[in-house]
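What follows is a short report on a single structure.
A note on names: the letters A, B, ... follow the listed sequences, proteins ahead of strands, and every chain is numbered from 1. Hydrogens, waters and symmetry mates play no part in the numbers below; they use all other heavy atoms, side chains included.
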Amino acid sequence: MAVRKNQANLTATEKRDFVDAILELKRTGRYDEFISTHNAFIMSDTDNGERTGHRSPSFLPWHRKFLLQFEEALQSVTPSVTLPYWDWTVDRSPRSSLWAEDFLGGDGRSGDGRVTSGQFAFGSGKWPMNIRVDGRTFLRRALGAGVRDLPTRAEVDRVLAMTTYDAAPWNSSSDSFRNNVEGWRGPNLHNRVHVWVGGQMTTGASPNDPVFWLHHCFIDKLWADWQRLHPRSGYLPTTGTTNVVALNDTMKPWNDVTPADMLDHTRFYTYA
Amino acid sequence: MSRPSRRLVLHRGAAGLAGAVLAGPAAVAAAPAAHARPAADKDHPRAHGPAGHEMPEPFDEIYEGRHIEGWPEEGGHGGHGGHDGPHEGMGFVVRIDNDDLHVMENANGSWVSVVNHYETFTSPRGVARAAVRELNGADLVPVVTG
Ligand SMILES: [Cu+2]
Ligand SMILES: [Cu+2]
């Protein structure tokens with residue numbers, strides 16, 4: 001059984017294997033396919049139209065499947081690799097080991113925001129932005145510039161206490177656990193972290209920054225934590241609802257996986 | 001990628017950036033484009049009726065050296081309805097130096113763009129200005145999907 005660990009607890013070897021597997025996916029073009037798939041949903045998920053990946057109930061199961069697929073791709077390179085998660089309620093500083101030279105590399109430099117350290121720095125030649133929203137071909141970050149602080153544990157706990165998974169109108173205005181985790185309402189959890197990292201992470205092409213996976217892995221863990229806290233609250237909606245994915249509807253782009261299939265993460269991995 | 005305006009856009013972007021540095025962002029932002037429509041002079045807060053959201057005003061200005069403009073999409077639905085196609089949910093056209101900035105209206109009447117996708121702005125003009133700041137002189141490129 002694969003165990004997903006807190007990134008702060010990875011050994012030097014585990015960090016290196018994870019980074020190297022990502023670089024190998026980048027080299028073969030598979031990494032960029034994940035970005036363009038994500039783009040398709042970022043562009044088409046709307047509050048009043050069809051919505052699958054974002055601003056809708058299936059935000060959590062869709063990203064769970066998306067991360068599983070990415071993790072499987074990493075494991076096709078190095079079988080022992082699993083996705084680590086970034087608990088940004090604890091590791092909340094640009095000086096965190098997450099941003100060290102031996103892992104994801106550091107903050108962007110002043111002026112153009114270019115990341116200059118680590119394997120994902122443009123200068124390494126291994127991390128070009130091929131799928132992008134603007135002409136810049138280098139990874140950028142601006143840690144803590146777009147918003148000063150990452151969400152706190154108290155804010156996370158406030159959201160985890162919510163009892164209803166999701167609610168009409170099933171979009172960015174819903175008063176629900178899902179929408180508060182996603183961040184369109186309440187203390188702003190998921191969205192705020194994208195903005196805190198800055199650079200590509202604030203854009204629709206956010207998977208260009210490998211921290212995307214560690215961030216979403218923690219969001220995925222929060223869903224599992226919420227399930228444990230509320231054993232009698234399930235995924236909603238359970239019956240067909242216009243424009244959104246109900247419990248037993250299949251999700252694009254896979255068309256063979258439903259939110260129900262994704263509810264129990266322990267079928268695939270556990271969290272340490 | 002192959003639009004004829006690309007080279008022009010790059011030049012204008014570079015020239016605009018220099019202008020912004022010389023004049024200061026505030027001064028440049030305050031100067032409307034010569035051909036701005038009168039209705040575009042102010043960033044109107046919008047009335048929110050129970051029947052839905054009013055379409056924001058068109059705008060056309062030079063902001064930090066970049067030409068930003070926006071107008072309701074022809075036959076636009078403000079993101080409402082179940083239309084298929086590439087412009088689903090795109091009820092407002094926003095351009096920066098003639099390149100499309102994909103924008104989207106949220107259920108509460110706020111806006112996001114493909115450049116600032118995880119924070120909301122009160123108007124398409126606000127989202128266009130935020131994109132200019134984020135672009136830092138770079139040109140928009142068409143987004144690859146699927
Ligand atoms: Cu996403
Ligand atoms: Cu995200």
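The heavy-atom pair separating A:N39 from B:V144 by the smallest distance is ND2-O, 2.8 Å. Across all their heavy atoms, B:E105 and A:D47 have their closest contact at O-OD2, 4.4 Å. Residue A:T46 comes nearest to B:M104 through the heavy atom pair CG2-CE, 3.9 Å, listed as atom of the first residue, atom of the second, then distance.
In this structure, chain B has heavy atoms under 4.5 Å from both the backbone and the side chain of A:I42. Using a 4.5 Å cut-off between heavy atoms, A:D45 touches chain B through its backbone atoms (N, CA, C, O) alone.
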Step by step, would you call A:N191 with B:E119 a side-chain contact (heavy atoms from CB on, under 4.5 Å)? CA-CA 7 Å; A:N191 285 348; B:E119 56 189 318; over 6 Å; no

Decide yes or no on side-chain contact (heavy atoms from CB on, under 4.5 Å) for B:V112 and A:R55, but give the supporting numbers first. CA-CA 12 Å; B:V112 297; A:R55 52 179 74 228; 3.9 Å; yes

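With rounding to the nearest 0.5 Å, the separation of CD in B:E134 from CG in A:D134 is 8.0 Å. In this structure, CH2 on A:W184 lies 7.5 Å from OG1 on B:T120, to the nearest 0.5 angstrom.
Under the 3.5 Å distance criterion, with hydrogens and angles disregarded, no donor-acceptor pair is assigned to the side chains of A:R136 and B:N136.
Ring-plane geometry between A:H54 and B:H117 is classed as perpendicular, the angle between the planes exceeding 60 degrees on a 0 to 90 degree scale with a lower cut at 30.
When the heavy atoms of residues 164-180 of chain A are compared with those of chain B, the residues falling under 4.5 Å are A:N171, A:S172, A:S173, listed by number. Taking non-hydrogen atoms and a 4.5 Å limit, the residue list of residues 195-204 of chain A in contact with chain B, ordered by number, reads A:V195, A:G199, A:M201, A:T202, A:T203, A:G204.
In this structure, A:H190 and B:Y118 have side chains that are in contact, with non-hydrogen atoms separated by less than 4.5 Å.
Ranked by heavy-atom pairs under 4.5 Å with chain B, the first of A:A205, A:S206, A:P253 is A:S206.
Other residues, nucleotides and ligands contribute at most 12 non-hydrogen atoms within 6.0 Å of the NZ atom of A:K252.
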